[in-house]
Amino acid sequence: MESVEYVSVVSPGIRCRVSSNLGKDFGKANMFDGRCDTCWTSKEGKAQYVVVNFDSSRIIRRICIQFQGGFSPTQCQLTSVEEPAAEGQPPQPPRALGTLRPADCN
């Protein structure tokens, strides 16, 4: 059986940006601080997003997301963007990987 190593995005070399936040107490850094008593909270509105940039190519086999109780979205779109093959080239367009429909189980 193949050994699988899971690597958390809570690690050095990860850059993130978000659509909005509700203030400094609910900023994007809270998503990756490894604590379950903090969270990122966006402002109200549709089409909130989180963009995670890795420092190198990664094979992603599993994604685990925990939503705050009562605030689970009805739909999440997962996309991937590959860096240009050569410097000075435009980035590739986003590629849809799938749609997630989280269950609000909290």
Side-chain angles (χ1 to χ4, degrees):
M1 179 178 244
E2 178 185 339
S3 174
V4 177
E5 177 187 357
Y6 293 105
V7 178
S8 172
V9 296
V10 184
S11 61
I14 302 301
R15 295 179 319 278
C16 172
R17 71 177 194 268
V18 296
S19 54
S20 65
N21 65 2
L22 200 54
K24 67 179 183 174
D25 292 337
F26 302 101
K28 65 184 179 184
N30 292 347
M31 284 189 287
F32 306 110
D33 65 4
R35 297 174 50 188
C36 55
D37 63 334
T38 63
C39 65
W40 164 66
T41 302
S42 64
K43 292 181 181 175
E44 288 185 41
K46 293 190 178 216
Q48 301 299 321
Y49 63 83
V50 175
V51 175
V52 178
N53 294 317
F54 298 99
D55 58 349
S56 61
S57 294
R58 306 279 175 102
I59 296 173
I60 299 173
R61 292 192 172 101
R62 184 171 84 168
I63 296 175
C64 298
I65 303 170
Q66 179 177 339
F67 294 99
Q68 185 178 6
F71 295 96
S72 180
T74 56
Q75 181 176 318
C76 297
Q77 181 71 42
L78 183 62
T79 60
S80 172
V81 177
E82 293 183 29
E83 292 294 319
E87 191 172 324
Q89 296 290 318
Q92 300 294 317
R95 180 171 50 117
L97 300 177
T99 299
L100 310 171
R101 298 186 191 290
D104 189 356
C105 57
N106 290 321

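With S19 contributing its side chain and Y49 its backbone, the two residues share a donor-acceptor pair below 3.5 Å. For the pair S20 (side chain) and K43 (backbone), a donor-acceptor distance under 3.5 Å is present. Remark: the backbone N or O of C16 is paired with a side-chain donor or acceptor of K28 at under 3.5 angstrom.
Nearest heavy-atom pair, P94 versus T79, reported as atom, atom and distance to 0.1 Å: CB-CB, 4.4 Å. Contact between S80 and L97 at its shortest, heavy atoms only, is CB-CD1, 3.6 Å.
Under the 4.5 Å side-chain heavy-atom criterion for grouping Ile, Leu, Val, Met, Phe, Trp and Tyr, V52 is connected to L78 within one hydrophobic cluster.
With no hydrogens or angles considered, no side-chain donor-acceptor pair links T99 and Q75 at under 3.5 Å.
Between V50 and W40, some side-chain heavy-atom pair lies under the 4.5 Å cut-off.
With rounding to the nearest 0.5 angstrom, the CZ atom of R17 is 6.5 Å from the CG atom of N53.
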